[in-house]
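Here is the structure we will look at, set down as structure tokens.
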Amino acid sequence: MGLISDYMNRDHKHCDDAFARAEDMAAASDWLGLTRDGGMFLREIERHIGLEENLLFPAFEERTGMTSGPTETMRMEHQQMRGMFAQMRAAIDAKDAAIYLGVSETLLILLQQHNMKEESMMYPMLDQSLGDDAPGLLRQLEAIAP
């Protein structure tokens with residue numbers, strides 16, 4: 001049985017790859033490609049955030065009793081990102097590569113910092129604290145795999 005952190009780290013990589021493909025499409029003003037790849041990135045990152053907010057964070061909070069702290073910080077950062085996702089969707093719809101690339105540049109910085117916190121702190125805390133609940137949660141994650 002793998003670890004939740006292994007699954008979520010791989011999922012970060014999956015989302016990062018989709019993000020990079022979308023940026024390439026925007027830089028080339030390939031609107032069909034950006035609609036496809038940008039849309040895929042936005043769906044995948046929302047799915048990833050949903051796994052955390054709807055499955056993992058509540059399980060962690062229930063198990064540890066910590067309802068503020070790391071999960072609260074992650075949720076606040078997710079909310080900041082969602083505003084950028086909306087701007088990226090609007091830029092795709094408007095076929096505005098400059099806006100898309102500007103927002104994605106800012107998002108990249110936020111994502112790198114956010115993912116580092118999750119990968120070095122939050123995910124290991126999940127692995128450590130979830131105990132007997134971890135295998136069932138991992139099966140649920142794998143059932144929702146991209």
Side-chain angles (χ1 to χ4, degrees), residues 1-28 33-93 96-146:
M1 175 67 61
L3 298 172
I4 288 171
S5 58
D6 292 338
Y7 176 89
M8 295 304 286
N9 290 339
R10 280 191 310 273
D11 204 45
H12 274 171
K13 175 78 169 103
H14 171 76
C15 291
D16 291 346
D17 291 346
F19 182 67
R21 285 191 306 275
E23 277 192 315
D24 289 345
M25 296 298 113
L34 181 57
T35 299
R36 179 193 62 234
D37 294 341
M40 182 172 131
F41 163 69
L42 292 166
R43 284 187 303 277
E44 291 301 310
I45 194 73
E46 288 282 6
R47 177 195 53 77
H48 178 89
I49 288 170
L51 293 174
E52 293 172 344
E53 291 184 348
N54 300 318
L55 184 66
L56 296 176
F57 294 172
F60 173 82
E61 291 165 346
E62 183 177 320
R63 190 77 151 174
T64 65
M66 281 194 278
T67 56
S68 60
T71 54
E72 182 179 44
T73 299
M74 297 299 105
R75 285 186 179 104
M76 287 188 313
E77 291 178 6
H78 291 165
Q79 198 56 36
Q80 286 179 304
M81 288 181 223
R82 285 187 176 106
M84 293 178 204
F85 301 160
Q87 292 173 17
M88 292 166 85
R89 282 186 185 92
I92 291 169
D93 291 344
D96 191 325
I99 289 179
Y100 184 92
L101 290 169
V103 174
S104 71
E105 184 177 326
T106 303
L107 178 62
L108 177 61
I109 294 165
L110 181 57
L111 272 173
Q112 288 173 332
Q113 294 169 350
H114 178 82
N115 290 354
M116 185 178 65
K117 286 184 250 183
E118 286 184 336
E119 291 172 8
S120 66
M121 181 205 43
M122 188 74 245
Y123 297 160
M125 288 173 70
L126 287 166
D127 287 333
Q128 183 177 20
S129 66
L130 292 176
D132 295 342
D133 295 335
L137 288 167
L138 185 57
R139 281 191 296 278
Q140 289 179 52
L141 291 172
E142 290 170 342
I144 306 170

In terms of heavy-atom contacts, Ala97 and Ala26 come closest through CB-O, 3.4 Å

Step by step, would you call Asp16 with Asn115 a side-chain contact (heavy atoms from CB on, under 4.5 Å)? CA-CA 10 Å; Asp16 291 346; Asn115 290 354; 3.8 Å; yes

To the nearest 0.5 Å, how far apart are CG in Asp96 and CG in Leu101? 9.0 Å

Partners meeting salt bridge (Lys or Arg N to Asp or Glu O under 4.0 Å) with Glu118 (sequence neighbours left out): none

More than 12 heavy atoms of other groups within 6.0 Å of Asp93 CG: yes

Minimum heavy-atom distance between Leu34 and Met25, given as atom pair plus value: N-CB, 3.5 Å

Does any pair with a residue in residues 49-59 pass salt bridge (Lys or Arg N to Asp or Glu O under 4.0 Å), and if so which ones, sequence neighbours excluded? Glu53-Arg82

Is the shortest heavy-atom distance from the side chain of Leu42 to the side chain of Glu46 under 4.5 Å? no

Quick one: list whatever passes side chain to side chain donor-acceptor pair (under 3.5 Å) with Arg36, sequence neighbours left out. none

I'd like to check Arg75 versus Thr71 (side-chain heavy atoms, cut-off strictly below 4.5 Å). Are they in contact? yes

Answer whether the closest heavy-atom distance between the side chains of Met8 and Leu126 falls below 4.5 Å. no

Is Lys117 close to Glu77 at the side-chain level, that is, under 4.5 Å between some pair of heavy atoms? yes

Rounded to the nearest 0.5 Å, how far does CD of Glu72 lie from CD of Glu61? 9.0 Å

Once you measure the plane-to-plane angle for His12 and His48, does it fall in the parallel (<30°), tilted (30-60°) or perpendicular (>60°) bin? tilted

Here the gap from Asn9 atom CG to His14 atom NE2, rounded to the nearest 0.5 Å, amounts to 14.5 Å

Which heavy-atom pair separates Ser129 from Phe60 by the least distance, and what is that distance? OG-CD1, 3.2 Å

Starting at CG of Leu55, measure out to CD of Gln140 and round the result to the nearest 0.5 Å. 5.0 Å

Between Tyr7 (side chain) and Leu141 (backbone), is there a donor-acceptor pair under 3.5 Å? yes

Rounded distance [0.5 Å steps], CG in Leu137 versus CD1 in Ile4: 5.0 Å

Distance, nearest 0.5 Å, that separates CG of Leu56 from CE of Met125: 13.0 Å

For the residue pair Ala91 and Ile99, what are the closest heavy atoms and their distance? CB-CG2, 3.8 Å

Test side-chain contact (heavy atoms from CB on, under 4.5 Å) on Ile109 and Gln113; report intermediate values, then the result. CA-CA 6 Å; Ile109 294 165; Gln113 294 169 350; 3.8 Å; yes

Testing Gln87, Glu23, Gln80, Met84 one by one against Leu107 for a side chain to side chain contact (heavy atoms under 4.5 Å, CB included), which residue passes? Met84

Check the pair Asp17 / Arg21 against salt bridge (charged side-chain N to carboxylate O under 4.0 Å, His left out), numbers first and verdict last. CA-CA 6 Å; Asp17 291 346; Arg21 285 191 306 275; 5.2 Å; no

I'd like to know if the side chain of Asp127 reaches the main chain of Leu3, judged simply by a donor and an acceptor atom lying under 3.5 Å from each other, with no hydrogens or angles considered. no

Walk me through it: do Arg47 and Glu44 pass the test salt bridge (charged side-chain N to carboxylate O under 4.0 Å, His left out)? CA-CA 5 Å; Arg47 177 195 53 77; Glu44 291 301 310; 2.9 Å; yes

All heavy atoms of Tyr100 vs all of Gly38, minimum pair found to be OH-CA, 4.1 Å

Could you check whether the rings of Phe85 and Phe41 sit parallel, tilted or perpendicular, using 30° and 60° as the cut-offs? perpendicular

Note: Arg63 and Leu130 closest approach over all heavy atoms is NH2-O, 3.1 Å

Counting only heavy atoms from other residues, nucleotides and ligands, does the tally under 6.0 Å from CD of Glu119 exceed 12? yes

